[in-house]
Amino acid sequence: MTQAINEIRAQFPALNQDVNGKPLVYLDNGATTQKPQSVIDALSDYYRLNNSNVHRGAHTLSDRATQHFEDARKTLQAFLNAKKAEEVVWTRGTTESINLVAATWGRQNIQAGDEILVTGMEHHSNIVPWQMLCQQTGATLRPIPVKDTGELDMEAFASMLSDKVKFVSVVHVSNALGTINPVEDIIKMAHEVGAKVLVDGAQAVSHWNVDVQALDADFYAFSGHKLFGPTGIGVLYGKEELLNAMPPYQGGGEMIEHCSFDGTTYNVLPYKFEAGTPNIAGAIGLAAAVNYLNGLDRVVLEQHENALLVRANELADQIGGIRKVGTAPKKASVFSFLLDGAHPADVGTLLDQQGIAVRTGHHCAMPVMNQFKIPGTVRASFSFYNTMDDVERLFAGLEKAKMFLL
Ligand code: PMP
């Protein structure tokens, strides 16, 4: 395994550098992942050789750019096991994907008296768009309670379901706690009362291959930059019949079929939702990331990530003074914690001085932090390119931080 991981690490230039005089230990993969050389090359090749606007092609470069851009969509379709490429809408990321659904499906289908359910562990990007929709429509947003372990209270969820519930929007993997939510069950239960479901997959797709048809998700959202691809590109998957029935999101070029002052008709899927010049390089770069992942054994790599998490838990118990936040039995490789008596930001600064990158703070999930009555946590989020040595360095770093802080 060590050799395989070292070979993988050699593909990620940013991992192979010193930071503050120490070899970098990058444990902030929940915020964004590093990029393999093939993604960097795809971006550079696009700008060096094929840079042109898409779908406007009166010339060879434009045809090439369009081909690569649409091939990228097919790569993402296969990655998600979507039925059709038209069901893959390019967005700027998870945030825009969720806003798109709230603004279009939401405004068309939600009325005063309706209920929208999210979980108590959502990222702000899966709370605020629904709050805005509720303010506009008079609907009510209700959070599904979270237990002290960081698991969803599924009994409470069952009791909240009724024919008033029109939409359920849930995070697949919590960025703050690492909890893997039982989205298959949630989707089935929500469908039984006629509600549609969006899954925020921002933190899931980097750990395993998601199959949107097997899940029967109505919508699935994620960001390219958390999947080893570029920033500024993401995906909204939606079932074709739902996307077809939805009004457009933004107006502009690309999204029209015919435009006149007497009225405008809209383009077919997915272009109806892609107003303006898209992030062409981003889409191509994201497809390069997916192609890179397709060459790896993701099942074995997920086991490796789990082993890193197990080791982190062992070392935390050994050094003591660590409060774990999020102890659900089903977790992705996210280790969120507090060092007793120390502010998370101070811990983060002391780790950074030792070349160890973690995230500290509320992780854009203030409601769940409030529930645990903490201002935030220190979060080490592992990816497959992290090593056991990285985990050891984290805890050696924490021992040092303790000497300074306590
Ligand atoms: N949802 C979750 C669970 C996340 O972790 C994040 C990013 N931290 C987002 C949504 C938002 O993603 P983005 O900022 O890339 O749109």
Side-chain angles (χ1 to χ4, degrees), residues 98 101-102 105-204 210 212 214-221 238-239 242 324-332 334 336 362-374:
I98 298 171
V101 176
W105 191 93
R107 264 192 247 141
Q108 191 176 50
N109 294 286
I110 296 292
Q111 293 167 0
D114 288 345
E115 291 180 358
I116 298 169
L117 306 186
V118 295
T119 77
M121 65 177 97
E122 297 303 327
H123 188 277
H124 300 157
S125 65
N126 201 23
I127 300 175
V128 185
W130 305 112
Q131 277 177 333
M132 288 161 58
L133 177 66
C134 287
Q135 277 160 11
Q136 286 155 5
T137 57
T140 306
L141 182 65
R142 298 182 66 198
I144 306 164
V146 176
K147 298 182 190 174
D148 290 345
T149 52
E151 289 165 276
L152 264 193
D153 185 338
M154 289 296 283
E155 280 176 22
F157 173 55
S159 73
M160 290 165 83
L161 285 171
S162 74
D163 58 6
K164 280 195 202 157
V165 176
K166 296 294 182 314
F167 203 87
V168 179
S169 199
V170 290
V171 68
H172 203 163
V173 173
S174 155
N175 64 315
L177 311 173
T179 311
I180 302 174
N181 285 318
V183 290
E184 296 88 340
D185 297 339
I186 293 171
I187 291 169
K188 254 190 226 123
M189 290 161 73
H191 282 170
E192 275 165 22
V193 296
K196 302 293 179 219
V197 183
L198 181 146
V199 180
D200 168 355
Q203 298 289 341
V210 166
V212 290
L215 285 180
D216 198 21
D218 298 301
F219 300 100
Y220 198 93
K239 285 181 181 164
L242 294 174
K324 299 173 190 172
V325 181
T327 52
K330 279 195 163 185
K331 272 186 65 162
V334 175
S336 219
H362 54 64
H363 315 296
C364 299
M366 276 183 165
V368 81
M369 295 294 130
N370 289 342
Q371 174 177 338
F372 286 108
K373 298 192 171 53
I374 51 179

ask   = Once you round to the nearest 0.5 Å, how far does CE of Met369 lie from SG of Cys364?
value = 10.5 Å
query = For Leu141, does its backbone N or O pair with a side-chain atom of Gln131 as donor and acceptor, under 3.5 Å?
reply = no
request  = For the residue pair Asp153 and Phe157, establish whether any side-chain heavy-atom pair is separated by less than 4.5 Å.
outcome  = no
key: Minimal non-hydrogen separation, Cys134 against Thr140, with atom names   = SG-C, 3.7 Å
message = Determine whether the aromatic ring centres of residues His124 and His362 are separated by less than 6.0 angstrom.
response = yes
query = Which heavy-atom pair separates Ala195 from Val168 by the least distance, and what is that distance?
reply = CB-CG2, 4.3 Å
query = Are more than 12 heavy atoms from other residues, nucleotides or ligands located less than 6.0 Å from atom CE of Met366?
reply = no
request  = Show your working on side-chain contact (heavy atoms from CB on, under 4.5 Å) between Val170 and Val183 and close with a plain yes or no.
outcome  = CA-CA 8 Å; Val170 290; Val183 290; 3.9 Å; yes
inquiry  = Given 3.5 Å as the limit, does a donor-acceptor pair link the side chain of Asn175 with the main chain of His123, or not?
reply    = no
ask   = Under 3.5 Å, side chain of Thr179 to main-chain N/O of Asn181, donor-acceptor pair present?
value = no
message = In the structure I gave you, are the side-chain heavy atoms of Gln136 and Arg107 within less than 4.5 Å of one another anywhere?
response = yes
request  = To the nearest 0.5 angstrom, please state how far the OG1 atom of Thr149 sits from the CG atom of Leu177.
outcome  = 9.0 Å
note = Rounded to the nearest 0.5 Å, the CZ atom of Phe167 sits from the CH2 atom of Trp130 at a distance of 4.0 Å
message = If I compare all heavy atoms of Lys239 with all of Ala217, which pair ends up nearest, and what's the gap?
response = CE-O, 3.4 Å
task = Run the numbers on Leu161 and Glu192 for side-chain contact (heavy atoms from CB on, under 4.5 Å), then give the verdict.
result = CA-CA 9 Å; Leu161 285 171; Glu192 275 165 22; over 6 Å; no
ask   = Hey, are the side chains of Ser174 and Lys331 touching, using non-hydrogen atoms and a 4.5 Å cut-off?
value = no
request  = Please examine the side chains of Leu133 and Ile110, heavy atoms only from C-beta on, and report whether any two atoms are closer than 4.5 Å.
outcome  = yes
query = Got Met154 and Pro182 here, is their nearest side-chain heavy-atom distance under 4.5 Å?
reply = yes
Reported CG-to-NZ distance for the pair Asp163 and Lys166, which is rounded to 0.5 angstrom = 6.5 Å
Considering all heavy atoms, the nearest Ala158-Met189 contact = CB-CE, 3.7 Å
Between CG on residue Asp200 and CD1 on residue Ile98, distance to nearest 0.5 Å = 4.5 Å
message = Within a 6.0 Å radius of atom CD on Glu155, are there more than 12 heavy atoms belonging to other residues, nucleotides or ligands?
response = no
request  = Check whether any side-chain heavy atom of Met132 sits under 4.5 Å from a side-chain heavy atom of Thr137, and report yes or no.
outcome  = no
key: Stepwise side-chain contact (heavy atoms from CB on, under 4.5 Å) check, Leu242 with Phe219   = CA-CA 9 Å; Leu242 294 174; Phe219 300 100; 4.1 Å; yes
request  = State whether the number of non-hydrogen atoms from other residues, nucleotides or ligands found under 6.0 Å of Lys324 atom NZ is greater than 12.
outcome  = yes
request  = Would you mind reporting whether Tyr220 and Leu215 have side-chain heavy atoms less than 4.5 Å apart?
outcome  = yes
task = Verify side-chain contact (heavy atoms from CB on, under 4.5 Å) between Leu152 and Lys147, making sure each step is shown before the conclusion.
result = CA-CA 6 Å; Leu152 264 193; Lys147 298 182 190 174; over 6 Å; no
Minimum-distance pair of heavy atoms, taken over all atoms of Pro143 and Met160 = O-CE, 3.4 Å
ask   = Do we see a donor-acceptor contact under 3.5 Å between the side chains of His191 and Asp218?
value = yes
ask   = What are the two closest heavy atoms between Val334 and Gly178, and how far apart are they?
value = CB-CA, 3.6 Å
query = Taking side chain as C-beta onward, heavy atoms only, is Val165 less than 4.5 Å from Leu117?
reply = yes
query = Quick one: does Asn109's side chain have a donor or acceptor within less than 3.5 Å of a partner on Gly106's backbone?
reply = no
